[in-house]
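Just follow the structure's listing: the first ligand is 1, and inside any ligand the first atom is 1.
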Amino acid sequence: IIEDVQYRIVFDSRGRETVECEVVTEESVGRAMAPSGASTGSEEAVAVDPFKIEEIEDRVSRALIGISVFDQREVDRALREEDGTENFSSIGGNFAITASIATAKAAANALGIPLFQYLAGALAETLPYPLGNVIGGGAHAEGSTSIQEFLIIPVGAESFFEAQYINTRVHMQLKKIFKERGIFAAKGDEGAWAAQITDEQAFEILSEAISRVEDEHGVKVRMGVDVAATELWDGERYVYKDRKLTKEEQISYIAELVDRYELLYVEDPLQENDFEGFAELTKQVRAMVCGDDLLVTNVRRIERAIELSSVNTVLIKPNQIGTLSDTADAVRLAKSRNWDVVVSHRSGETEDEGLAHLSVAFNATLIKTGVVGGERIAKLNELIRIEEMIDAKMAEIRW
Ligand code: PGA
Ligand code: ZN
C-alpha cells in the first residue's frame, strides 16, 4: 500500500532540472527519474516545470496514497484522473511517469526481485541489441550533420556484452579517423561525435570505422539513422544544409540511402504527421522503418499507423505517454502486428537504469541508449548485469 509519494528536483545530463520520485510503502521504496527530449513530438505528454514540485507532490500524493503498488493499472488510472488532460499538461508527464515507474520499482523491491522480472515474469527471454548513436547533429549538436543520428547495430554479436563492446570499438575508431583526417570532433547530447561534416561524409567515415572494427573483431555491424525529419521540415520542404527536398524527393533519398548503405534501421524519415509518406517508404525498403515523433508511444497514433501500414517498428519512450500501463499497451498493440519494438532513452537523461529493465520486460529487439557517457552507460551496464542473471538469448533481427 502506498503510504507516501515524494519528489525532489535533481539534474539531468544537460545540467537541467528534472524530477525524481519516490513511492514509499511499509516494506519498500521505489525511485525513478524523468528524462527529457530536445526533438520532441508535438503530441507527446508535456513536461511541467520541476519547480512546481510542492503543488504537484500534494496532488499526486492525494491521488495515490492508499493504492496497492501491485495494482499498477489503478495507480496509472488515478494519475490520469488527477491530471484530467489528454497530454498530462496539468500534473506533467515528467511527474506522472516517475510516479508510475517508481510504483513498479516499489512493487519489485517489496518482492525482492528485479524490475524486469516483476514486469515480465517468465516472459523475459531475450536481450535487445544496443542501437548505438555514434555520429550526431540536428537538435543534439548545432553545426554538425543534418541527420540527427548515425546509428550502429552489432548484429553479429552473440551476447549483450559483446554487442556493447563492439559499439564502443566503433565509437573509439571514429575518434581515430577524425584525428587522422584533421577533423575536429566533439560530443553531442547523447555522446555521439559531432563535427562540421556533411551527411555523406558521416556515412563514409562511419563505413570506414565499421569495416575496421569488423576486420579486427569479425563481428558484423550494420548502420541505421534517426533522421528526426520533423526538425528538417519547414512546412513544404525538408531543409538540409545544402539543399531542400520535397516529400517525394525525401522518400527517394531515404530509399537510396537504405540501398547504398544497407541500412537496417530508419527512424522518423518523414515529418511527424505524414503517415502516408511513411507507408510509401515502408513499402519500398527492406529495413526497420520506425516511428518516434510519428507515434509518440501513443496507442491512438499506433492504430492510425496500423491502418495505413505506415511503419513496421515502434519507438517506445515511456515519458512520451506518461504512464507504464499506457507504455505497455503501446508495446502490446505493436507486437500484435508483429512490429519490432525499440525501447529508447531521451537526449536529456539521468543515471536511472530502469529503461534497461523495460527493454527486457518488453522483449525489445533494440535498446536505443547511446554508447558512452554515464547516463547512457547506466542502462548498458545494467543490461550486462541482467544478462548475468538470466539465461536469455539475443533478440532476433529479422531484416
Ligand atoms: P530527443 O530525441 O531529443 O527528443 O530525446 C531523441 C530522438 O529523436 O530519438
Ligand atoms: Zn527520434
Q. Quick one: do Glu44 and Arg346 make a salt bridge, cutoff under 4.0 Å?
A. yes
**Q.** Electrostatic pair Asp326-Arg80, nearest N-O below 4.0 angstrom
**A.** yes
Q) Tell me, do Phe150 and Met223 make a side-chain contact under 4.5 Å, heavy atoms counted? A) no
(Q) According to salt bridge (Lys or Arg N to Asp or Glu O under 4.0 Å), does anything in residues 130-155 pair up with another residue at least two apart or in another chain? List the pairs. (A) Glu149-Lys368
Tell me yes or no: between the side chains of [X] and [Y], is some donor less than 3.5 Å from an acceptor?
X      : Y      : result
Asp76  : Ser325 : yes
Asp58  : Ser61  : no
Gln320 : Asp292 : yes

Q: Write out the protein residues near ligand 1, meaning a non-hydrogen atom under 4.0 Å from one of its atoms, in order of chain and number.
A: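 These residues qualify: Gly37, Ala38, Ser39, Thr40, His140, Gln148, Glu149, Glu190, Asp226, Glu267, Asp292, Lys317, Arg346, Ser347, Lys368.
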Q. Which N, O or S atoms belonging to the protein are less than 2.8 Å from the Zn ion (ligand 2)?
A. Asp226 OD2, Glu267 OE2, Asp292 OD2
(Q) For residues 77-110, which residue pairs pass the ring pair (Phe, Tyr, Trp, His ring centres under 6.0 Å) check, not counting sequence neighbours? (A)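 Qualifying pairs: Tyr7-Phe95.
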Q.
Would you compute the distance between atom NZ of Lys379 and atom CD of Glu353 and round it to the nearest 0.5 angstrom?
A. 8.0 Å
